[in-house]
Each structure stands twice: as structure tokens, then as C-alpha cells.
Asker: 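I have a structure here, written as C-alpha cells, and I will follow up with some questions on it.
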Amino acid sequence: MKARVLSGVQPSGNLHIGNYLGALKNWAEIQGQYESIFCIVDLHAITIYQQPAELAAKIRETAALFIASGIDPEQSSIIVQSSVSGHAELSWLLTCVTPLGWLYRMTQFKTKSEKQETIGAGLLQYPVLMTADILLYQAALVPVGDDQSQHLELARDIAQRFNSLYGETFVMPATSLPSVGARIMGLDDPTQKMSKSAPGTGHAIGLLDDPKVIAKKIGRATTDSSPAVDLENISPGIANLLAIGEACDPTFRKETAASMRYGDFKKRVTEAVISRLEPIQKKYREVIADPGYLEGVLADGRQRVLPIAEETVRKTKAAMGLYV
Ligand code: TRP
């Protein structure tokens with residue numbers, strides 16, 4: 001039997017090239033080796049206020065981008081988190097075994113709550129819901145970026161605590177996959193991971209950005225004061241552009257970039273990005289133009305995973321002595 005893989009993306013903000021090169025591309029590459037579930041985590045998105053009509057559209061956009069990025073709905077289950085009630089249900093059961101102190105020390109909670117005027121209780125609960133996503137399907141592997149490793153450790157701690165209180169119920173998820181994708185940083189600030197929510201238009205290259213916009217953003221990307229690429233002395237901005245270029249185009253080599261003037265180098269990176277995104281954007285437009293197809297994919301995904309989710313919720317409730 002193939003090992004089960006689960007990962008998720010929030011349908012908030014705009015998916016960007018960092019999401020593609022760091023996650024989606026990798027998922028598409030590994031999907032044949034595992035039983036894969038890729039989840040659009042809309043319940044996570046609402047831990048911060050989302051305009052309802054916008055959220056509804058983003059859920060479909062995210063699903064279409066999964067498919068456009070090479071995730072094959074025949075091989076992988078693409079699901080919307082809120083369409084499977086087990087996520088929310090298991091999340092409550094796990095909440096009851098999670099010490100508050102474990103949640104308060106999550107660095108993502110600290111950073112996110114600093115930016116909010118009113119901190120919703122859901123923001124604190126966020127990692128418990130993520131734990132529920134993973135344990136609901138007894139996923140063995142969870143490919144995520146290293147910004148999520150603290151949450152994954154917490155998932156293991158919660159699983160362990162549950163198992164020791166109520167008996168072996170959950171598979172312990174491994175922290176990650178052996179190989180993870182590239183870590184892409186912000187164009188305007190190469191010390192920060194590229195983010196969906198970072199303000200400003202020069203930060204991220206959206207997967208649906210127009211070629212002209214891409215050229216402009218890369219043209220303005222932060223570099224350093226040297227005139228040309230110096231491989232002996234690479235600044236974070238240049239390293240990031242090199243990583244983007246190499247990840248987009250396998251024939252793009254560091255060596256070719258050596259001593260290129262920044263203007264030419266950026267043009268080369270721009271070409272690599274545009275030609276990588278072109279087929280993705282084309283496929284996206286086809287998929288989004290066919291809502292019936294998209295709904296079918298999400299309904300299929302849900303049908304496929306539902307028995308697994310129901311079984312886990314039943315088993316968990318029974319272990320706790322709840323009415324089943
Ligand atoms: N918290 C993850 C992120 O922001 C998204 C996520 C939610 C997730 N549930 C998950 C990732 C389950 C992996 C597995 O990137």
C-alpha cells in the first residue's frame with residue numbers, strides 16, 4: 001500500500017511563484033508515489049476575516065491552480081476542507097487534549113496576532129485544526145515548508161498525547177518528505193519568505209500575473225550595489241533570483257549568470273519565469289472556464305476521502321467514550 005501524503009494551502013491572498021516552486025510543483029512530482037490528498041484549507045483562512053464572496057471565488061481559483069500546476073485529480077484527491085465535516089469535528093476533540101501553553105508558544109500565532117486588533121480564538125486554534133487535517137487521514141507524510149515545522153511538531157505532540165490518554169488511535173506523521181522544493185524569498189525583501197499576504201506589489205510574483213507585470217516586478221527586485229553577478233560574493237537578492245531562475249528552467253545554470261550585468265541577468269530570469277508560467281496560466285484559464293468540471297473534481301475528491309475521515313472520527317469518539 002502506498003503511504004498517504006497530505007498537505008494544504010489557504011485560499012487567501014494570491015498564490016505565487018514561491019507556492020508553486022516550493023510546494024505545488026513538488027506535489028505534482030510526488031503524487032504518483034503516494035496516496036495524495038491536497039486540501040484547500042478554507043477553515044484556516046477564516047481565522048482572519050475574509051470577505052465572503054472573495055473567499056468563495058478564491059476557493060475555486062486555488063483548486064484550478066492546483067490542477068494547472070500539474071496536480072492530477074485522477075491520481076490525487078483535491079478537497080475543500082469545509083466540505084468534509086470531520087476536519088472541524090476532529091479539531092474539537094483534539095482541542096480538548098491540547099494544553100493552552102502549547103498554543104501560546106507558536107511563533108506564527110505570536111506574529112499573526114500582533115497584526116490583529118481583535119484576536120479571534122480561531123487564530124490560537126489554527127494549529128489544532130491543522131493537526132486535525134493530518135490525523136483525520138492518518139497521513140504518514142506532510143510536505144510543508146520549514147515555516148510550518150513548529151506546527152508539525154505540535155501535531156506530533158498532540159497525537160502522542162491523545163494516544164497515551166486514550167490508547168493508540170493516530171498514526172504519527174513524519175515531519176516532512178525527504179526532498180522539498182525551493183524556498184523562494186520576497187523580491188522586495190530577500191530575507192523574508194515570499195508571502196501571500198505581504199503588502200505591496202513588488203513582493204511576490206503571482207501565478208496569474210501578466211508577463212508585463214512579471215518583467216516589471218523582477219526588474220525592480222532588490223539586488224545590491226554591484227553592477228554584475230559575482231558568484232564569489234552572492235547577496236541574498238541575487239541568490240533568490242538565481243534560485244527562481246534555476247527552479248523555473250533546468251537549463252538555467254548559475255555559471256551562465258556569472259558576470260552578467262544585473263539588467264541582462266534579470267531579463268534572463270524574467271524569461272525563465274514567463275515561460276514556466278505560460279502553460280500553467282493557459283491550463284488555469286481552461287479549468288476556470290469550466291465550473292462544472294471543477295465542481296466535479298471537488299465532489300470526487302470529497303467522495304474519495306469521506307470514508308477515511310468518517311472512520312477516524314468514529315474511532316476517535318469511541319476511544320474517548322463519546323456516543324457513537
Ligand atoms: N498551515 C499551513 C500553511 O500555512 C496550511 C495547512 C493547513 C496545512 N492544514 C494543513 C499544511 C495540513 C499541511 C497539512 O502553509
Side-chain angles (χ1 to χ4, degrees), residues 3-16 18-27 30-31 34-48 50 55 58-59 62-63 65-66 71 76-84 86-91 94-95 103 106-113 115 122-159 170-177 180-181 183-184 192-198 204 301 305 308-309 312:
R4 194 171 291 146
V5 161
L6 176 122
S7 198
V9 169
Q10 290 190 49
S12 53
N14 291 317
L15 282 186
H16 52 64
N19 299 119
Y20 174 69
L21 298 174
L24 300 174
K25 176 170 171 269
N26 187 42
W27 298 355
I30 60 155
Q31 64 187 335
Y34 300 97
E35 182 193 335
S36 310
I37 304 174
F38 300 118
C39 192
I40 297 154
V41 292
D42 53 350
L43 296 173
H44 278 102
I46 57 166
T47 55
I48 288 171
Q50 304 292 326
L55 178 61
K58 282 282 174 200
I59 291 169
T62 308
L65 279 170
F66 278 16
I71 293 164
S76 306
S77 303
I78 301 179
I79 62 163
V80 179
Q81 187 185 32
S82 66
S83 76
V84 179
H87 292 261
E89 208 174 347
L90 187 60
S91 177
L94 298 175
T95 292
L103 300 180
M106 293 293 112
T107 53
Q108 201 172 81
F109 169 70
K110 291 185 212 166
T111 340
K112 283 192 182 173
S113 54
K115 294 181 197 147
L123 203 57
L124 185 66
Q125 287 288 99
Y126 182 109
V128 183
L129 178 60
M130 177 164 162
T131 302
D133 298 339
I134 299 165
L135 301 186
L136 187 62
Y137 302 110
Q138 308 278 8
L141 294 160
V142 186
V144 284
D146 51 8
D147 61 318
Q148 293 298 310
S149 56
Q150 198 187 27
H151 287 163
L152 219 49
E153 272 312 313
L154 181 85
R156 292 163 58 83
D157 288 344
I158 294 175
F170 297 116
V171 169
M172 211 46 82
T175 41
S176 183
L177 281 175
V180 285
R183 181 174 159 88
I184 303 301
Q192 298 296 317
K193 188 177 164 181
M194 192 177 277
S195 148
K196 288 207 292 274
S197 53
V305 303
I308 315 171
T312 307

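Every number for a ligand or one of its atoms is a count from 1 in the order of the listing.
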Asker: Write out the residue and atom name of the closest protein heavy atom to atom 2 (C) of ligand 1, then the distance separating them to 0.1 Å.
Answerer: Gln148 OE1, 3.4 Å

Asker: When the ring planes of Tyr126 and His151 are compared, do they come out parallel, tilted or perpendicular, using 30° and 60° as the limits?
Answerer: tilted

Asker: I need the atoms of ligand 1 closer than 4.0 Å to a non-hydrogen atom of Val41, numbered in the order shown.
Answerer: 7 (C), 9 (N)

Asker: Given 3.5 Å as the limit, does a donor-acceptor pair link the side chain of Thr111 with the main chain of Thr107, or not?
Answerer: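 Yes.
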
Asker: Test side chain to side chain donor-acceptor pair (under 3.5 Å) on Ser12 and Gln50 and set out the steps.
Answerer: CA-CA 8 Å; Ser12 53; Gln50 304 292 326; 4.6 Å; no

Asker: Just by distance, do the side chain of Asn26 and the backbone of Ala23 share a donor-acceptor pair under 3.5 Å?
Answerer: no

Asker: Quick test: of every protein heavy atom, which one is nearest to atom 13 (C) of ligand 1, and how far off is it to 0.1 Å?
Answerer: Val144 CG1, 3.4 Å

Asker: Name the closest protein heavy atom to atom 4 (O) of ligand 1, giving the residue it belongs to and the distance to 0.1 Å.
Answerer: Tyr126 OH, 3.1 Å

Asker: Among protein heavy atoms, which lies nearest atom 9 (N) of ligand 1, and at what distance?
Answerer: Asp133 OD2, 2.7 Å

Asker: Quick one: nearest non-hydrogen protein atom to atom 12 (C) of ligand 1, plus distance?
Answerer: Leu6 CD2, 3.6 Å

Asker: Below 4.5 Å, heavy atoms only, C-beta onward: do Leu21 and Met194 meet side chain to side chain?
Answerer: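 Result no, sub-4.5 Å side-chain heavy-atom pair not found.
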
Asker: Starting from atom 5 (C) of ligand 1, which protein heavy atom do you reach first, and at what distance in Å?
Answerer: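 Result: Gly8 O, 3.6 Å.
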
Asker: Using heavy atoms and a threshold below 4.0 Å, how should the contact between Val142 and ligand 1 be classified: side chain, backbone, both, or neither?
Answerer: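 The answer is the side chain of Val142.
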
Asker: Would you compute the distance between atom CG of Asp157 and atom CD of Gln150 and round it to the nearest 0.5 angstrom?
Answerer: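 Rounded to the nearest 0.5 Å, the CG-CD separation comes out at 10.0 Å.
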
